[in-house]
Enquirer: 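Sending over a structure as structure tokens; questions will come in a sec.
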Amino acid sequence: MSISKTYSPREVEDKWYAYWLEQDFFSSKPDSREPYTIVIPPPNVTGVLHMGHMLNNTIQDVLIRRARMMGKNACWVPGTDHASIATEAKVVALLKEKGISKNDLTREEFLSYAFDWKEKYGGIILEQLKKLGASCDWNRTRFTMEDSMSRAVIKVFIDLHKKGWIYRGVRMVNWDPAGMTAISDEEVIRKEINSKLYYIKYRIVGADSQSEILNQDYLVIATTRPETIMADAAICVNPNDERYKHLKGKKAIIPLINREIPIIGDDYVTMDFGTGCLKVTPAHDLNDYELGIKHKLPVIDILNDNGTLNEKAEILIGKDRFAARKEIGVMLENSNSLQKIEDYKSQVGFSERTDAVIEPKLSMQWFLKMDKMAAPALDYVMSGEVKLIPDKFKNTYKHWMENVHDWCISRQLWWGQQIPAWYLPDGTYAVAETRDEAWQILKNSENNTTSYSKEDLNQDSDVVDTWFSSWLWPISVFDGFEDPENEDINYYYPTNDLVTAPEILFFWVARMIMAGHEYRGKAPFKNVYLTGIVRDKQGRKMSKSLGNSPDPLDLITEFGADGVRVGMLLCSSAGNDVLYDNAFVEQGRNFSNKIWNAFRLLNSWTVDKNLSSQNELAVNWFESKFNAELELINQNFDQYRISEAMMLAYKLVWDDFCSTYLEMIKPGFEEPIDAYSYNKSIIFFDKILKLLHPFMPFITEELWHQTAERKEKECCIVAEYPKPEVINRQTLDYTTLALKVISEIRNIRNQKQISPKEKLALVIPSILQNQYSSYVEMISKLANLSEVKFGKNKPEKSISFMVGTDEFYIPMENMQIDTEAEKERILKEIEYLKGFLKSVDVKLNNEKFVSNAKTEVIEIERKKKADAESKIKQLEQAMEML
RNA sequence: GGGAGUUUAGCUCAGCUGGUUCAGAGCAUCUGCCUUACAAGCAGAGGGUCACUGGUUCGAACCCAGUAACUCCCACCA
């Protein structure tokens, strides 16, 4: 049977994924084993897989598969997030295409459309994860808006309200005019924008308009938002500002609408910024709002929820705020109220979900007090009970937790958990799960409800922030709210590792810790592995809009899931951004191919049972090598240096197993191999497959079944992860030196342009006879030698090379030896060594060094000196011979 | 404006407690090879003033101070 020269992943991947599912290998139930649990950061239900997911989920799958093989009860809980703003926006857009406006629908109708849509397109991303090989327990798939999880959200809301941590209040919120909802501070992305600073003249009431001194006639105010002048409530100057002292108590007139406003003083105003005059617009700026409260100014809100101007603006009613800004500029110009326009850079907030410019807006919202919850959540991380990997994020975390703001949790949307607050027409309200309970609460309260009936109650039309459901995720996926003592939650909680992006450290990670502490008394996980952001070669974040992101599924088709996984791991150390390049994935594919071909070689051998066992040295060496590397790999895993662990495995397989071990034992063309070597090699390969399985699940499973007859259910995915065994350090050291000798000989071949086919001879210094006698065969084979001798002197016609402090010779009787070149090479070497020796001598002659340095260090220096001297001596002898 | 981080080979990054695993790895590059597992390969080789300037030390990529560039987070200067 001939096997393809290249590995073709496609059928292999589908076949094994289906088989794993069929055998139920991913599913987990509580038992006596130690649990190892990961909850997936739930992707948006409407999302499609992007490179960030690939990285994130590859890491999770590596961790979970390794834990499974190490005998733990591995449970990876998948699911999706309802992502209220993003999903609602998509549904609204879809309805719009059908000619349906959200405003024309009832809440129920809209939600029914939304659920239909979710049923149809939701969860595509989970199907995509399967292509990557994700070994989630799909029976446990959850959705943040399914009934039971929603009930948990409502329960928590009511509980926190009872505790007095949830409150309702008028606040300046970040209003997203595109999403038509308030969003939290964390969802606002600030960007520096090139804008214009408009210098607008406000006439002063009572000033002599004929006055020759223009400056007394009007004030000039610098603003980036001229469209809000109609909402001005005052003009504010610094009371210490000499320029404006005379204006105290006077009034100014808003241009265009000619409304009078007072001129007030407050030292909030910086004198040297702009003109030193500030227009106070309480409805549209947070500072102005606070200034307005202090000076009891009216709030004039001139904007509709969608960002257009309303009738209070008096002019430009119905125009969008940005259109209005332009028009006002022109209008001010025409009415001679504009002094000048300057270019200006300012920080503007954008909605994370819709990218609309945020409008500060006063509105009634629900808030969650954060101070009480933040304190313990900070402790978990600072004490190391929850470890952030890498720990540089500790600082950022601390800073945020110490300056945390109350969390605006209400959203003016329909897609989400509706806030369990019930209002009477007079504005009194109760927080309760049902209308009946709310009615009971209100009846029992001191409020007078006699004039109302239960039917007069209206539920708050807002929903809670999506994060208000996802912060419960590690508990709610195990039904820990509805049934706090159930078997699952007690077994799986707290989970082990969380793998997520640093971007949502506060949105999500910090809040999960808060919820975990509040409702389980324990943080929800022990380690948080923070991946970087996947960027393109130029360092730009990969995004759909830039079109710089490859489609992960295309990559999987082209390079195989294993190749893509390896590629992602190769370019990603924890917490560092990933500069993605297809070259990494290619490297991953090539690695798959390498493993495939190692198998082809093993598979091609015929075993001769009558042959005595050979290659014992090679076998012993690789055994030790494997164990030594396995130890290192495990150490790296323990430190979550997964990329490093991957690279070590890569080198072990490619360099040590393929390039070295297999070449050592490979029989000649069409010759059989002895049973000992063959069986050992199969055992090694088997271990290698297991070692690689967490990184490359598909190819390893495939080959695992090809290398031996396997019983039903006997699969690599559930095989026991190799354990480090005996390491013979001497074998490792001696072999390393022998390999060095081989490499030197090959190098000389290259330099002297001697064909690898031409056999050479080698003279090994006789003092090394003990060390090298068992290596003669191996060296001869790998360096293609005809004869190896032990000797004291340099053969007359020969080339020499050094390994360590020993000089080896390759006799070259038939070859032309360029004596001059050889001399020159040796001289150069001697010169270098002498320089080196000098620097060592300086050190050793330095009394301070000898008296201060550790004895080991001094010993090392002495050895360096001795080695260098011995090398020089040998080289000088060689010179004489020439 | 405040804070954190980064800067080591052409690229991506290791380098742990200051000293032989100290200047490393992978990729890329160059040279020679279609050698009966693999050209998605094999065998070799060449790449670095460890951002810069000082300091501490017998000894600094590593510790300290300053400078520069970049990145991220936080923040209400119109």
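Each chain gets a letter, A, B and so on, in the order its sequence line appears, and its residues count up from 1.
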Enquirer: For the pair A:Lys865 and A:Asp841, find out whether any cationic side-chain nitrogen is under 4.0 Å from an anionic carboxylate oxygen.
Expert: yes

Enquirer: Does B:A37 have OP1 or OP2 sitting under 4.0 Å from an N or O in the side chain of A:Lys666?
Expert: yes

Enquirer: Please work out whether the ring planes of A:Phe685 and A:Phe657 are parallel, tilted or perpendicular, with thresholds of 30° and 60°.
Expert: parallel

Enquirer: Reckon A:Lys594 touches a base, only the sugar-phosphate, or nothing at all at heavy-atom distances under 4.0 Å?
Expert: base

Enquirer: Could you check which of B:A40, B:G32, B:C42 has an atom nearest any side-chain atom of A:Ser659?
Expert: B:C42

Enquirer: Between B:A9 and B:A25, how many Å separate the two C1' atoms, rounded to a whole number?
Expert: 11 Å

Enquirer: How would you label the contact of A:Gln751 with the nucleic acid (heavy atoms, under 4.0 Å): base, sugar-phosphate, or nothing?
Expert: nothing

Enquirer: In what stems does RNA chain B take part, counting only runs of at least 3 consecutive Watson-Crick or G-U pairs whose two distances fall under 3.5 Å?
Expert: B:1-7 with B:68-74, B:10-13 with B:24-27, B:29-33 with B:41-45, B:51-55 with B:63-67

Enquirer: Quick one: classify the glycosidic conformation of B:G24 as syn or anti, with syn meaning within 90° of 0.
Expert: anti

Enquirer: Mind checking A:Ala583 for me? I need base, sugar-phosphate or nothing, with any heavy atom below 4.0 Å counting as a touch.
Expert: nothing

Enquirer: What's the CD-P distance between A:Glu758 and B:U35, to the nearest Å?
Expert: 18 Å

Enquirer: Roughly how many Å is it from CG in A:Asn636 to P in B:C16, rounded to a whole number?
Expert: 13 Å

Enquirer: Treat primed atoms plus P, OP1 and OP2 as sugar-phosphate and everything else as base, then score nucleotides 73-78 of chain B 5' to 3': B for base contact with protein heavy atoms under 4.0 Å, S for sugar-phosphate contact only, - for none.
Expert: SSBBBB

Enquirer: If you measure only the distance, is there a donor-acceptor pair under 3.5 Å linking the side chains of A:Thr228 and A:Lys279?
Expert: yes

Enquirer: Roughly how many Å apart are B:U8 and B:G26, using the C1' atom of each and rounding to a whole number?
Expert: 15 Å

Enquirer: If you look at every strand shown and take non-hydrogen atoms under 4.0 Å, does A:Arg746 touch a base, only sugar-phosphate, or nothing?
Expert: sugar-phosphate

Enquirer: Select one nucleotide: of B:A37, B:A40, B:U36, the one nearest the side-chain heavy atoms of A:Phe669.
Expert: B:U36

Enquirer: Distance check needed: B:A43 P versus A:Glu744 CD, whole Å only.
Expert: 15 Å

Enquirer: Between B:G10 and B:G3, how far apart are the C1' atoms? Round to whole Å, please.
Expert: 34 Å

Enquirer: Side chain of A:Met647 only, please: which of B:U36, B:G26, B:A14 is the nearest?
Expert: B:G26

Enquirer: If we check side-chain contact (heavy atoms from CB on, under 4.5 Å) with A:Leu569, which of these qualifies: A:Met696, A:Met647, A:Met646?
Expert: A:Met646

Enquirer: Looking at residues at least two apart in the chain, or sitting in another chain, which of them share a side chain to side chain contact (heavy atoms under 4.5 Å, CB included) with A:Gln753?
Expert: none

Enquirer: Need one value for A:Cys236: base, sugar-phosphate or nothing, where a base atom within 4.0 Å counts as base even if backbone is also close, heavy atoms only.
Expert: nothing

Enquirer: Taking atom types as modelled, is there a side-chain donor on A:Tyr202 or A:Asp232 under 3.5 Å from an acceptor on the other?
Expert: yes

Enquirer: Does a side-chain N-to-carboxylate-O contact under 4.0 Å join A:Glu342 and A:Lys196?
Expert: no

Enquirer: Once you round it to whole Å, what is the distance between P of B:U20 and CD of A:Glu859?
Expert: 15 Å

Enquirer: Suppose you measure atom P in B:C63 against the same atom in B:G15; what distance do you get, rounded to whole Å?
Expert: 12 Å

Enquirer: Quick one: do the A:Thr6 and A:Asn593 side chains pair a donor with an acceptor below 3.5 Å?
Expert: no

Enquirer: Given atom CZ of A:Phe393 and atom P of B:A4, what is their separation to the nearest angstrom?
Expert: 15 Å

Enquirer: Out of B:A40, B:A25, B:C58, which nucleotide sits closest to the side chain of A:Asn590?
Expert: B:A40

Enquirer: Atom NZ of A:Lys740 and atom P of B:A43: how far apart are they, to the nearest Å?
Expert: 17 Å

Enquirer: Is the phosphate of B:C38 approached by A:Lys5 (side-chain N or O, under 4.0 Å from OP1 or OP2)?
Expert: yes

Enquirer: Applying the side-chain contact (heavy atoms from CB on, under 4.5 Å) test to A:Asp562, which of A:Phe695, A:Phe591, A:Phe698 qualifies?
Expert: A:Phe698

Enquirer: With a cut-off of less than 4.0 Å, is there a side-chain N or O of A:Ser743 near OP1 or OP2 of B:G44?
Expert: yes

Enquirer: Can you tell me, in whole Å, how much space there is between the C1' of B:U53 and that of B:A68?
Expert: 11 Å

Enquirer: In terms of side-chain heavy atoms of A:Gln587, which of B:A37, B:A4, B:G26 is nearest?
Expert: B:G26

Enquirer: Would you mind classifying the nucleic acid contact of A:Thr281 as base, sugar-phosphate or nothing, using non-hydrogen atoms under 4.0 angstrom?
Expert: nothing

Enquirer: Considering only side-chain heavy atoms of A:Asn593, which listed nucleotide, B:A40, B:G44, B:A37, is closest?
Expert: B:A40

Enquirer: Do the side chains of A:Lys863 and A:Asp867 get close enough for a salt bridge, i.e. N-O under 4.0 angstrom?
Expert: yes

Enquirer: What's A:Lys651 touching, base or sugar-phosphate or nothing? Going by heavy atoms closer than 4.0 Å.
Expert: sugar-phosphate

Enquirer: For nucleotides B:G66 and B:G2, find the distance between their P atoms and express it as a whole number of Å.
Expert: 15 Å

Enquirer: Heavy-atom nearest nucleotide on RNA chain B for A:Tyr650 versus A:Gln753: which residue maps closer to 5'?
Expert: A:Tyr650

Enquirer: Taking atom C1' in both B:U7 and B:G44, what distance in whole Å separates the two?
Expert: 33 Å

Enquirer: Verify whether one side chain among A:Gln635 and A:Gln639 offers a donor that lies under 3.5 Å from an acceptor in the other.
Expert: no

Enquirer: Under the rule syn = chi within 90° of 0, otherwise anti, which is B:U20?
Expert: syn

Enquirer: From the options B:C38, B:A43, B:G15, select the nucleotide whose nearest atom is closest to the side chain of A:Asn597.
Expert: B:C38

Enquirer: Rounding to an integer number of Å, can you tell me how far A:Leu570 CG sits from B:C13 P?
Expert: 13 Å

Enquirer: Could you tell me if A:Arg600 and A:Asn603 have a donor-acceptor pair between their side chains, going purely by distance under 3.5 Å?
Expert: no

Enquirer: Distance alone, cut at 3.5 Å: any donor-acceptor contact between the side chains of A:Tyr640 and A:Asp638?
Expert: no

Enquirer: Just call it for A:Trp654: base, sugar-phosphate, or nothing, with non-hydrogen atoms closer than 4.0 Å on any strand.
Expert: sugar-phosphate

Enquirer: Where the side chain of A:Phe584 is concerned, which of B:A40, B:A37, B:U12 is the nearest nucleotide?
Expert: B:U12

Enquirer: Could you state the CG-P distance from A:Asn395 to B:G3, rounded to the nearest angstrom?
Expert: 13 Å

Enquirer: How far does the C1' atom of B:A14 sit from the matching atom of B:G24, given to the nearest Å?
Expert: 7 Å

